[in-house]
> 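I'd like to ask you about the structure that follows.
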Amino acid sequence: MARITLDHIRHAYGEKPKSEADYSLKEVHHEWNDGGAYALLGPSGCGKTTLLNIISGLLQPSEGRILFDGKDVTYLSTQQRNIAQVFQFPVIYDTMTVYDNLAFPLRNRGVAEPEVDRRVREILEMIDLAGWAKKTARGLTADQKQKISLGRGLVRNDVNAILFDEPLTVIDPHMKWVLRSQLKKLHRQFGFTMVYVTHDQTEALTFADKVVVMYDGQIVQIGTPAELFEKPKHTFVGYFIGSPGMNVLPAAIDGSSVTVGGETLTLDYRPAVSAGAKTELGIRPEFIALSHEGMPVSISKVEDIGRQKIVRAEFAGKPIAIVVPEDGEIPAEPRITFDPAAINIYADSWRVGREG
Amino acid sequence: MNKTWNNKAWFMVLPVLLLVAFSAVIPLMTVVNYSVQDTFGNNQFFWNGVSWFSDVLESDRFWQALGRTLLFSGIILTIQIPLGILIALNMPKKGLGVPVCLVLMALPLLIPWNVVGTIWQVFGRVDIGLLGRTLDALGISYNYVNNVFDAWMTLIVMDVWHWTSLVVLLCYAGLVSIPEAYYQAAKIDGASRWAVFRYIQLPKMKRVLLIAFLLRFMDSFMIYTEPFVVTGGGPGNSTTFLSIDLVKMAIGQFDLGPAAAMSIIYFLIILLLSWIFYTVMTSSDEQA
């Protein structure tokens with residue numbers, strides 16, 4: 001178990017990157033605490049897997065250093081770093097039995113056979129495949145195979161970190177939930193540093209203490225699920241987290257007053273916006289109240305999703321989503337008000353705080 | 001389930017049936033015809049039962065030729081399969097090296113068989129051949145014309161040169177189809193180079209290896225052109241394989257009956273051995 005420091009890491013797949021755009025992974029400078037559970041969240045192609053492979057040592061970063069507990073491991077191989085990694089698609093050694101598959105990482109490291117047996121049996125119980133130990137791994141279902149992959153990651157108890165690269169993609173929804181809870185339990189029990197790559201926000205938010213949101217090769221925000229929800233640092237985080245995502249509306253800022261769609265709101269602070277920046281107002285659908293007062297909207301669609309209703313409406317020519325409680329009334333002449341505390345102001349897509 | 005029975009469907013198979021009949025069944029039947037009859041010329045044939053078969057099976061000549069052929073196939077397979085795997089493992093997986101290697105590998109396969117024979121026949125000659133002269137200059141006594149060991153060596157090296165590429169190309173195709181994640185997982189699991197080969201590469205190559213093995217077995221068991229050109233079956237009868245013997249009997253001696261019987265036995269041996277290899281090599285698949 002280790003604290004992982006990413007020291008000004010950058011990576012480009014092509015040789016001799018010229019411009020910033022050539023880097024698949026833009027500069028990352030960050031520290032992962034020992035024993036933390038982190039989720040790397042972002043759309044496909046945002047650099048999550050690149051970052052993960054750099055941590056595990058499958059990939060050498062073009063620039064920067066990686067430190068485990070302060071020790072430079074940038075040029076060490078995956079084996080020397082002692083990392084476990086679970087991949088998106090199950091990798092099993094299909095000529096071996098389930099038992100031998102799980103024993104493989106231990107035997108490769110010369111662990112004594114009684115210890116191998118003890119660890120493997122423990123993992124077999126954990127992943128619920130005890131009855132399959134003697135079977136060849138070939139005939140198993142996709143989720144059983146992936147459980148073996150997970151098991152091979154967990155079987156070593158001395159690893160510095162366990163990395164998961166979208167491990168539950170091939171698992172069916174119910175099993176996903178079960179496995180995720182098991183992983184969380186394991187994390188609490190053993191305190192491994194875990195990094196979990198996913199593009200599924202539910203997975204990220206339920207698994208991790210800290211979620212790292214990546215977009216276009218850079219980390220846009222690192223925070224607890226609550227921080228990501230309430231104060232998205234970048235409009236992308238606003239869109240990506242939450243269902244439906246945050247409403248982002250073009251807005252004109254003048255001191256502490258914000259003009260959006262012809263209506264002017266007054267904030268209790270003056271956003272630090274520099275002149276010429278593209279300014280926007282972000283508000284989560286959950287913090288918009290639909291009533292007879294406020295700014296007029298025209299409703300185009302109401303989606304009933306059970307405990308709440310999502311109202312799709314048009315406000316000042318822009319689409320807007322509003323979350324209304326299940327029993328909430330939808331007035332004939334709808335008007336909306338924003339919860340002032342929930343308003344975020346963005347300049348060139350980045351959240352701005354108070355001035356001065 | 002309701003199945004519609006319509007006997008007209010048989011007409012659909014008719015073209016294939018005719019094609020197979022003309023290309024395989026009818027020629028084969030003439031051989032069968034010869035194998036059970038005898039003639040004294042004048043196009044008059046007499047029923048002869050299975051006596052040609054028993055003649056062939058009782059002759060030392062047949063068993064010796066069969067032994068030589070089996071030995072040749074055995075040596076060829078023991079060399080070409082491991083060598084092919086080894087070369088395939090060391091071929092580049094990307095970059096400019098890939099097309100270069102592939103073309104180099106494919107070259108021997110593109111040369112007509114009798115030309116391959118001629119190349120080696122000339123190459124190995126003691127008077128003018130590059131190999132023959134070089135070995136002679138090095139003080140190594142080498143003459144494939146009158147030395148049995150040298151003749152065998154020449155044929156084996158020639159076949160290895162000619163056909164290992166096929167094994168290489170098939171294995172290479174199997175290797176490049178292995179997803180990168182397997183190698184990454186093996187690294188994470190701390191697998192040694194041998195373990196990667198044993199548990200990832202070999203299992204994934206198994207199917208193409210089966211094909212390579214069967215093709216190489218059948219081709220080497222039926223080898224005719226190259227030894228015919230290089231050694232002509234000699235010195236003595238030392239490189240007279242079944243195929244060469246068969247042609248000698250049929251065309252040289254014009255013994256059509258025994259030759260036909262031998263053809264059928266030859267065919268059945270290949271069929272039987274291929275079936276045994278196939279069954280043995282795929283049996284582990286069916287357990288799963």
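All chains are named by letter (A, B, ...) in the order of the sequence lines, taking the proteins before the strands, and each is independently numbered beginning at 1.
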> Taking atom types as modelled, is there a side-chain donor on A:Tyr93 or B:Asp189 under 3.5 Å from an acceptor on the other?
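Yes - a donor-acceptor pair under 3.5 Å links their side chains.
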> Select one option (side chain, backbone, both, neither) describing which atoms of A:Arg156 are under 4.5 Å from chain B's heavy atoms.
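Just its side chain gets close to chain B.
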> Taking atom NZ as the centre, does B:Lys93 end up with more than 12 heavy-atom neighbours from other residues, nucleotides or ligands that are less than 6.0 angstrom away?
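More than 12 within 6.0 Å, yes.
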> What are the residues of residues 100-110 of chain A, in order of number, with any heavy atom under 4.5 angstrom from a heavy atom of chain B?
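When heavy atoms of chain B are the reference, residues 100-110 of chain A contributes A:Phe104, A:Pro105, A:Asn108, A:Arg109 within the under-4.5 Å range.
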> Does B:Tyr278 have more than 12 heavy atoms from other residues, nucleotides or ligands lying within 6.0 Å of its OH?
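Result for OH/B:Tyr278: open.
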> So which residues of residues 163-187 of chain B are in contact with chain A at a heavy-atom cut-off of under 4.5 Å?
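Within residues 163-187 of chain B, the residues under 4.5 Å from chain A are B:Ala181, B:Tyr182, B:Gln184, B:Ala185, B:Ala186, B:Lys187.
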> Are more than 12 heavy atoms from other residues, nucleotides or ligands located less than 6.0 Å from atom NZ of A:Lys26?
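Yes, NZ of A:Lys26 has more than 12 neighbouring heavy atoms, counting only those of other groups under 6.0 Å.
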> Sort B:Ile188 into side chain, backbone, both or neither according to what part of it lies under 4.5 angstrom from a heavy atom of chain A.
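For B:Ile188, backbone and side chain are both near chain A.
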> May I ask you to name which of A:Asn82, A:Val86, A:Asp165, A:Ile92 has the most heavy-atom pairs under 4.5 Å with chain B?
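The candidate making the most pairs under 4.5 Å is A:Ile92.
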> Can you list the residues of residues 49-68 of chain A that sit under 4.5 Å from chain B, counting heavy atoms only?
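Under the 4.5 Å heavy-atom cut-off, A:Asn53, A:Ser56, A:Leu58 qualify.
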> Mind checking what makes ring-ring contact (aromatic ring centres under 6.0 Å, His included) contact with B:Trp275, not counting sequence neighbours?
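Residues passing ring-ring contact (aromatic ring centres under 6.0 Å, His included) with B:Trp275: none at all.
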> As an exercise, state the distance from NZ of B:Lys206 to OG1 of A:Thr95, rounded to the nearest 0.5 Å.
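Between atom NZ of B:Lys206 and atom OG1 of A:Thr95 there are 9.0 Å.
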